*Asks:* 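Just dropping this structure here.
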Protein chains: 2
Amino acid sequence: MFKYYYKVIYMNNVPEMEILFELADLFKVFGDSTRLRIMYTLFDDEHSVGEIAQALNMEQSTISHQLRVLRTNKLVKIRRDGKQIYYSLDDDHVKKVIEMGLDHVLE
Amino acid sequence: MFKYYYKVIYMNNVPEMEILFELADLFKVFGDSTRLRIMYTLFDDEHSVGEIAQALNMEQSTISHQLRVLRTNKLVKIRRDGKQIYYSLDDDHVKKVIEMGLDHVLE
DNA sequence: TTAACATATGAACGATTATTCATATGTTCA
DNA sequence: TGAACATATGAATAATCGTTCATATGTTAA
């Protein structure tokens with residue numbers, strides 16, 4: 001029983017703790033429906049800001065703000081083409097995290 | 001929270017959309033460092049509320065409040081033994097979601 | 001029963017954050 | 001050039017949420 005205490009205390013003092021804070025920040029990004037819908041929109045293909053805004057029927061600035069959050073967290077990347085900026089998922093982790101979450105939600 | 005569900009029904013008819021809102025709610029739960037640390041503490045074994053509070057050096061009521069959130073979202077389950085209540089991870093999805101997130105955080 | 005302990009809960013406070021509005025920046029083409 | 005369009009950004013507002021404090025509920029043992 002005291003063994004447990006020791007183990008827990010030990011576990012939570014190591015550098016892994018700092019990583020858990022980073023991890024929380026990452027999940028925070030996934031924890032917003034607008035951002036999730038944006039990412040879901042980008043599942044199949046890249047899309048411009050305007051296209052996403054129209055698809056989700058939301059303000060352009062709202063989408064832009066949230067895309068910035070996604071980009072800051074390296075979840076999406078951009079490609080400029082003339083006046084438009086096309087966003088796409090940055091890597092496959094994004095899909096995998098979402099799919100893993102879906103497993104839980106879909107019971 | 002209810003506002004969002006309203007929007008789903010009212011604005012759009014894509015069935016997957018409602019699931020995305022549920023998914024956002026799930027990720028919200030993972031998006032807090034205290035809850036993540038609690039879950040991480042339960043990775044190896046069950047622990048009582050007091051043990052967790054001591055391990056994380058946080059108020060008992062804080063842990064209790066957060067355990068309720070985790071339990072409401074079916075991420076942890078309980079076992080009563082006398083005065084103590086022992087919490088443990090509810091299923092393997094929890095571990096998998098966290099590990100998948102770690103993959104991204106650890107570059 | 002009562003005392004002691006373990007956990008849960010409600011209210012209040014502070015901090016964070018998503019959205020909107022207005023405007024700025026940046027790009028193309030006449 | 002400058003007009004038109006696409007995107008980004010800053011400030012303000014409103015809503016959400018984590019923590020704390022005080023207290024309630026529940027359990028055990030005397």
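Residue numbers begin at 1 in each chain, while the letters A, B, ... track the order of the sequences. These values consider heavy atoms only, across backbone and side chains, with no hydrogens, waters or symmetry-generated copies. Here the structure is a predicted model, which is why all the values come from computation and not from measurement.
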*Asks:* May I ask you to evaluate whether B:Arg35 reaches the phosphate of D:dG18, defined as a side-chain N or O under 4.0 Å from OP1 or OP2?
*Replies:* yes
*Asks:* With the side chain counted from C-beta on, respond yes when A:Tyr40 and B:Met17 share a heavy-atom pair under 4.5 Å apart, and no when they do not.
*Replies:* no
*Asks:* Rounded to the nearest angstrom, tell me the gap between atom CD1 in A:Ile63 and atom C1' in C:dT20.
*Replies:* 13 Å
*Asks:* Identify the residue among A:Leu42, A:Ile38, A:Asp90 that makes a side-chain contact (heavy atoms from CB on, under 4.5 Å) with A:Val76.
*Replies:* A:Leu42
*Asks:* Report the residues that fulfil side-chain contact (heavy atoms from CB on, under 4.5 Å) with A:His93, sequence neighbours left out, ordered by chain and then residue number.
*Replies:* A:Asp91, B:Asp103, B:His104
*Asks:* Looking only at atom types and distance, does a side-chain atom of A:Asn73 sit under 3.5 Å from a main-chain N or O of A:Leu75, one as donor and one as acceptor?
*Replies:* no
*Asks:* Which donor-acceptor pairs under 3.5 Å do side chains of residues 58-69 of chain A form with protein atoms, sequence neighbours excluded?
*Replies:*
{"from": "A:Gln66", "atom 1": "OE1", "to": "A:Arg35", "atom 2": "NH1", "distance (Å)": "2.8"}

*Asks:* Below 4.0 angstrom, which residues in residues 67-75 of chain B have at least one non-hydrogen atom near DNA chain D?
*Replies:* none
*Asks:* Could you give the side-chain donor-acceptor pairs of residues 77-84 of chain A under 3.5 Å, partners two or more places apart or in another chain?
*Replies:*
{"from": "A:Lys77", "atom 1": "NZ", "to": "A:Leu89", "atom 2": "O", "distance (Å)": "3.1"}
{"from": "A:Arg79", "atom 1": "NE", "to": "A:Glu46", "atom 2": "OE1", "distance (Å)": "3.2"}
{"from": "A:Arg79", "atom 1": "NE", "to": "A:Glu46", "atom 2": "OE2", "distance (Å)": "3.4"}
{"from": "A:Arg79", "atom 1": "NH2", "to": "A:Glu46", "atom 2": "OE2", "distance (Å)": "2.5"}
{"from": "A:Arg80", "atom 1": "NE", "to": "A:Gly82", "atom 2": "O", "distance (Å)": "3.4"}

*Asks:* With 3.5 Å as the limit, what N/O pairs link the protein to nucleotides 20-23 of chain D?
*Replies:*
{"from": "D:dT20", "atom 1": "OP2", "to": "B:Thr62", "atom 2": "OG1", "distance (Å)": "2.8"}
{"from": "D:dT20", "atom 1": "O4", "to": "B:His65", "atom 2": "NE2", "distance (Å)": "3.3"}
{"from": "D:dC21", "atom 1": "N4", "to": "B:Ser61", "atom 2": "OG", "distance (Å)": "3.1"}

*Asks:* How many Å lie between NE2 on A:His47 and P on D:dT7, as a whole number?
*Replies:* 13 Å
*Asks:* Measure across B:His47 and B:Thr41 and return the closest heavy-atom pair with its distance rounded to 0.1 Å.
*Replies:* CD2-O, 3.5 Å
*Asks:* Flag the pair B:Leu70 / B:Tyr87 as yes when at least one side-chain heavy-atom distance between them is below 4.5 Å, and no otherwise.
*Replies:* no
*Asks:* To the nearest 0.5 Å, what is the distance between CD1 on A:Ile19 and CG on B:Leu106?
*Replies:* 5.0 Å
*Asks:* Got more than 12 heavy atoms from elsewhere within 6.0 Å of CG, B:Asn57?
*Replies:* no
*Asks:* Grab the CG-P distance between A:Asp81 and D:dC5 for me, whole Å please.
*Replies:* 18 Å
*Asks:* Taking the side chain of B:Lys28 as its heavy atoms from C-beta onward, which of D:dC17, D:dT7, D:dG18 lies nearest to it?
*Replies:* D:dC17
*Asks:* Roughly, in whole Å, what's the span from CD in A:Gln54 to C1' in D:dC5?
*Replies:* 15 Å
*Asks:* Considering only distance and modelled atom types, tabulate donor-acceptor pairs under 3.5 Å from the side chains of residues 21-29 of chain A, sequence neighbours left out.
*Replies:*
{"from": "A:Asp25", "atom 1": "OD1", "to": "A:Lys28", "atom 2": "NZ", "distance (Å)": "3.2"}

*Asks:* Rounded off to whole Å, could you give me the CD1-to-C1' distance for the B:Ile38 and D:dT19 pair?
*Replies:* 12 Å
*Asks:* Got a sec, which residues hit side-chain hydrogen bond (donor to acceptor under 3.5 Å, both in side chains) with A:Tyr86, two or more places apart in sequence or on another chain?
*Replies:* none
*Asks:* In whole Å, what is the span from the CZ atom of A:Arg80 to the P atom of D:dA6?
*Replies:* 12 Å
*Asks:* Rounded to whole Å, how long is the line connecting atom CG of B:Asp25 with atom P of D:dT16?
*Replies:* 12 Å
*Asks:* Looking at five pairs on each end of the helix from C:dT1-D:dA30 to C:dA30-D:dT1, what is the angle between the two axes, given to 10 degrees?
*Replies:* 20°
*Asks:* Please find the pair of heavy atoms, one from A:Phe43 and one from A:Glu99, that lie closest to each other, and give the distance.
*Replies:* CE2-OE2, 4.1 Å
*Asks:* How many Å lie between CZ on B:Phe21 and C1' on C:dA18, as a whole number?
*Replies:* 13 Å
*Asks:* Output the residues of residues 82-89 of chain A in contact with DNA chain D, where contact means a heavy atom of the residue under 4.0 Å from an atom of the strand; sort by number or write none.
*Replies:* A:Lys83, A:Gln84, A:Ile85, A:Tyr87
*Asks:* To the nearest 0.5 angstrom, please state how far the CG atom of A:Leu102 sits from the CE atom of A:Met100.
*Replies:* 10.5 Å
